[in-house]
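Contents: one structure, followed by commentary.
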Amino acid sequence: MSGLTRKDIGGFLARQGILVAFVLFIIGFTIANARFLDPDNIMGVVRSSAILGVMALGVTFVVISGNLDLSVGSMMSFSTIVVLDLHDKIGPALAIPAMFAMTLCLGAFIGFLVGYLKLNSLIVTLGMLSAIHGLTLTYSGGKNMDIADKEGTWFSVFGQGEALGLPVPILIFVLLAAVLGMLLSKMPFGRKVYAVGGNGTAATFSGIRRARVVFGCYLISAFCVATAGLIQASRSLGSQNTVGQGLELEVLAAVILGGASLMGGSGTIFKTVVGVLILGFIQNGLLLMGLQFYVQYVVTWIIIILAVWLDIAAKRGKLWSPIA
Amino acid sequence: MQPGTLSTFLKRGAIWGFIVLELIFFTVAGEFLSVSDKAFMDVDNMLLLFKQSAPIGIIAMGMTIVMINGNIDLSVGATYALCAIVLLDSMTWPMFAGLGDWVIPVSWLLALATGVALGALNGLIVWKTGVDAFIVTLGSMLGYRGLVFMYNGEQPTSHLNWTLVDFAEAQFLGLHTPTWFLLGVTVAIWFLMNRTVHGRNAYAIGNNREAAVNAGIRVGPHMMINFMIIGCLAALSAVVFYSESGSVNPNDGELYELWVITAVVLGGTKLTGGAGSIISTFGGVVAIQLLRKGLAHIGADTSTVNLVIGLILIAVLFLDRQLNVKGKEELKV
Amino acid sequence: MTEQIPVLRLEGIVKTFPGVRALDGVSLSIMPGEVHALMGENGAGKSTLMKVLGGIHQPDEGRIIIEEQPVVMAGPLDAKAKGIVFIHQELSLADELSVAENIYLGELPRKRFGLVDWAELEAKTNGILEKLKVGFDAKTRVGDLSIANQQMVEIARALTVDAKAVIFDEPTASLTDAEKTVLFEVIADLKAQGVGIAYISHRMEEIFRITDRISVLRDGQYQGTVNTGDTDEEGVTHMMIGRKLDLSRNESHHELGNVALEVRGLSCGDLYRDVSFELRRGEVVGFYGLVGAGRTEIAETLFGLRDPSAGTILLDGEEVRIHSPHDAIERGISLVPEDRKAQGLVLGMNCRDNMTLPQVDDLKAGPFVADGAEIAIFDQYRDKLDIRTPGWKQLVGNLSGGNQQKIVIGKWLSMHPNVLIVDEPTRGIDVGSKAEIHNLIRDLAAQGYAVIVISSEMPEVLHVSDRIVAMYSGRIMRTFTSEEVTEENLIAAISGLETQKVA
């Protein structure tokens, strides 16, 4: 045992703690309820996590770049309402690109404010949360939006269809995670995102155009939100104006759970996916144990605090903070 | 004139100038667009405005001191709902059955104690773990909301006590009870921040934490006290509001944190801490309520209110930055 | 005088950091009522000594003795409680609070119920401010004060306690002449009250004006103490630089190429004015001057981080406008910045990624970053610069200062820049790595690079430069060739003495 000191174990737990927790959860829930590991059940969890997951992919970019995006929830409502409305007006083939374009414009606006004007991202996206919510209500006139012919549209394929034996939302999530994971870990843009979030000054001193990178992150976030809105709209074929309300914080929770630091510069797409799945499996596991959905709120709370605490405790080498 | 005086003046006076602008705009626009024939500046309307500002306003005072201290609290909405449930439910507890109307102060105290405890928990975690307050309170926002649901499922919790309703709807010297609470809290918090050692140290910590630590100020207890105060004020806000309404839904108070932060930032409190004024926060609260009422007055619906408030928040941030640019001296990083 | 006991005495203080012996047996005593100058070049150990005194570092060996009582300093507060007060170069004020609150930060006078006793606070503060003869009162917001007045607030703090010794660290760096005079009066007052004063400064003129004795540190070693009246600038300079250090000038001359960079009449607000010089390929031009002389700001302008208010920049004879570091890099200008950790490196990123960061867009295999090409670059420069790291995956934050600096240099060399600007190349780097970096800079020149070296260390400038530009207060005072430069005329040029002679 001499090779493995307490420090090594502590370091491993700190680095891979979230994966360890994930595995422990799965073992625990499986013991509690054998149905937990049933393929159908797993599929169900992933499927219901897809919307949150897709949004979390985009927010991961924003958080790694050292910023926040609290507007994704209301932006998702916007996308959903717009695409449902346009579906009946100009047909789904045109409605989808139109909705993406409009959502990307919102993302570009935020990216402009945070990237080029260097305004604080927390306040900007807080303001945009409210503003986009207002925009959505203005657009819809406050009414729920429904597709007239729910049976006869191919639009439902994104939320309800199956391909390659998998539900389409899962396919979209997996595909997007793969593409964005590549972008973040293998391509120049991703490298710059880490640099900007890790040390923005040093990134500028290395010739990286920080404003562009931040702008790009918000565009990616908006793209993911539009995709999530598409899945949501296609799954329900009708929606309230507040469908995405509160999601911004759940998304952020998933990203933080995945180990991304709010200070920027750390996090990966893979870890975010793990974070999303943990949230999904906790919810599912607790439901299978016969507990209400809201018990997961409390569990999530405890997990987030513990995860972040252990992470920074490992970095400073002390469990308790040095604050006097 | 010292350099920076103009911008300081603009910053400190901005919120009141904005309120005056709103008043002028809505009065004039109201003449042409109003759906009712009442004038906007009607006394009853203004009194109502203060009353309606109270729930957000009382919490905003707490948020101001937490933000001056360099932290943030996202859990106020959930705290508000949980304290409301404690307030209403405790009035029906059998052990208080013999108290008659004396149950009211007991329930109030219970609700306030709940708020203080929830705030203390946040503060303790921030202090002892060193995790950023944003994350800690993001977590407890979910967690406290979970507790709200666990209390009574998805059912509303209701209990109407008519003595209480009468009290909450009473007017004294023309002002409603909630308004008095808002004013009282404003004065008390102003006093706390400007006259007590705790308040001044809280400013120092938010302004230059390292200097404060080097001067021997203990950061942790001050932060914790401020979290307890904001918890208490979230509870007080619930007490004031639910004494009148008598029924709380488990979703109540959602997004309150956003409204509160908007009011505080509009009032000029810096996110980075160290700077902020209680009186300006009061201005921020009034400005938001004015905007809501004003837009309703000229026939705009709630959607426009959200849109306008969001854009104004961003505009204020932009102006603030423009006023603080140091020009040539600053490195283009 | 002889039977007086020193207020503060250091005995054989040793402090080592990994790889560096920062303080090597420093002994020093400060008598009551004396102003004791502490001098030495950057990196000589003054700031470490101050940190040991202030309890921020504990000495490995040696004792701190206050009035014949050996003490252990637990931290800044403890030092203050023991009567040792620091006036730091960097201000540590809460600028939203009033002058009075800052002076009594952490110890505001209280009334009942935790209320601040404003009357007492104000009375006490105004008493102190009167002594300082400043033009502001207790209620002024510190953020509304000029930097010099903020410095006075910092000094006022020292007067709140019954100080036995006050340590001033470069207190005049941002003061005007009038403000300096006030400061010197304050120091004279303290001295008259029997307080011992340690005064750290690079400015000879001040040292000779106000101090009684001068102690000199060099490379962490105590060089001796002299009475100010018994020595002169030359004597002190001699002690500071010493003969032991390699003060050899650069003698390896080779053919210079064409003019790579020419700057004509460049100005940037109050930071520097009317700066003109040229830089040839194969040449190293050293910029020497005190901190704040405008050297770094010129580099920042060339690198696109500041817009000049006047003047032109020519690269290979062609006028260019540089608006951002990205522009600068595209035109072949590279900057190894002054603050390695804040500006040079992303500490949480690995060695390879840091090194290839500026060219990550060009190292592509299809849409992806070409891993192989990156590793090849890293390996090449690791060998060339002898960077000691377990591998490219190592986080840069885990490397020593010298190796970190080599990563930054490698980052730019791998881009083959036309003009390489190196700002304080060896700050915080151990002696061995220093020599390596100096040799490297000479090698680069031999290979035909055009290099600007900005440094506050005289041996460094002398050692690497073909020509030396001496700056004082935003202006170029004189340009020396390596043949004509001497320590004396260089010091004279950068401390503004030459202008005084002319005027």
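Sequence lines set the chain letters: A, B, ... in the order given, protein chains first and strands last, and positions in each chain run from 1.
What you find for A/P188 and C/P367 is that their closest heavy atoms are CD-O, 3.7 Å. In terms of heavy atoms, C/L302 sits closest to C/I322 at O-CD1, 3.4 Å.
Checking C/T301 against C/Y272 by side-chain atom types alone, a donor-acceptor pair falls below 3.5 Å. When only modelled atom types and interatomic distance are considered, A/T103 and A/S79 share a side-chain donor-acceptor pair under 3.5 Å. For C/T389 and C/Q394, the side-chain atoms include no donor-acceptor pair closer than 3.5 Å.
No part of C/S334 comes within reach of chain A, as not one of its non-hydrogen atoms sits under 4.5 angstrom from that chain. Only the side chain of C/F303 has a heavy atom closer than 4.5 Å to any heavy atom of chain A. For C/K364, the part lying near chain A is the side chain, with the backbone staying farther off; criterion is any non-hydrogen pair under 4.5 Å. Looking at A/R191, both its backbone and its side chain come within 4.5 Å of chain C, counting heavy atoms on both sides.
Between chain C and the residues A/G265, A/A203, A/S206, the most heavy-atom pairs under 4.5 angstrom are made by A/S206. When C/L357, C/D371, C/I329, C/D339 are compared by the number of non-hydrogen pairs under 4.5 Å with chain A, C/L357 comes out ahead.
The aromatic rings of A/F61 and A/F189 sit parallel to each other, their planes meeting at less than 30°, with 60° as the upper class boundary.
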Exercise. Please lay out, stage by stage, how A/V251 and A/L52 fare under the test side chain to side chain contact (heavy atoms under 4.5 Å, CB included).
Key: CA-CA 6 Å; A/V251 164; A/L52 185 78; 3.6 Å; yes
Quiz item: Do C/E107 and C/K80 pass the salt bridge (charged side-chain N to carboxylate O under 4.0 Å, His left out) test, and can you show the C-alpha distance, the side-chain angles, and the key distance before you say yes or no?
Solution: CA-CA 12 Å; C/E107 27 198 47; C/K80 195 172 178 183; 3.7 Å; yes
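For a heavy-atom cut-off of 4.5 Å, chain C lies close to no residue in residues 107-127 of chain A.
Counting heavy atoms from C-beta on, the side chains of A/K192 and C/D361 come closer than 4.5 Å.
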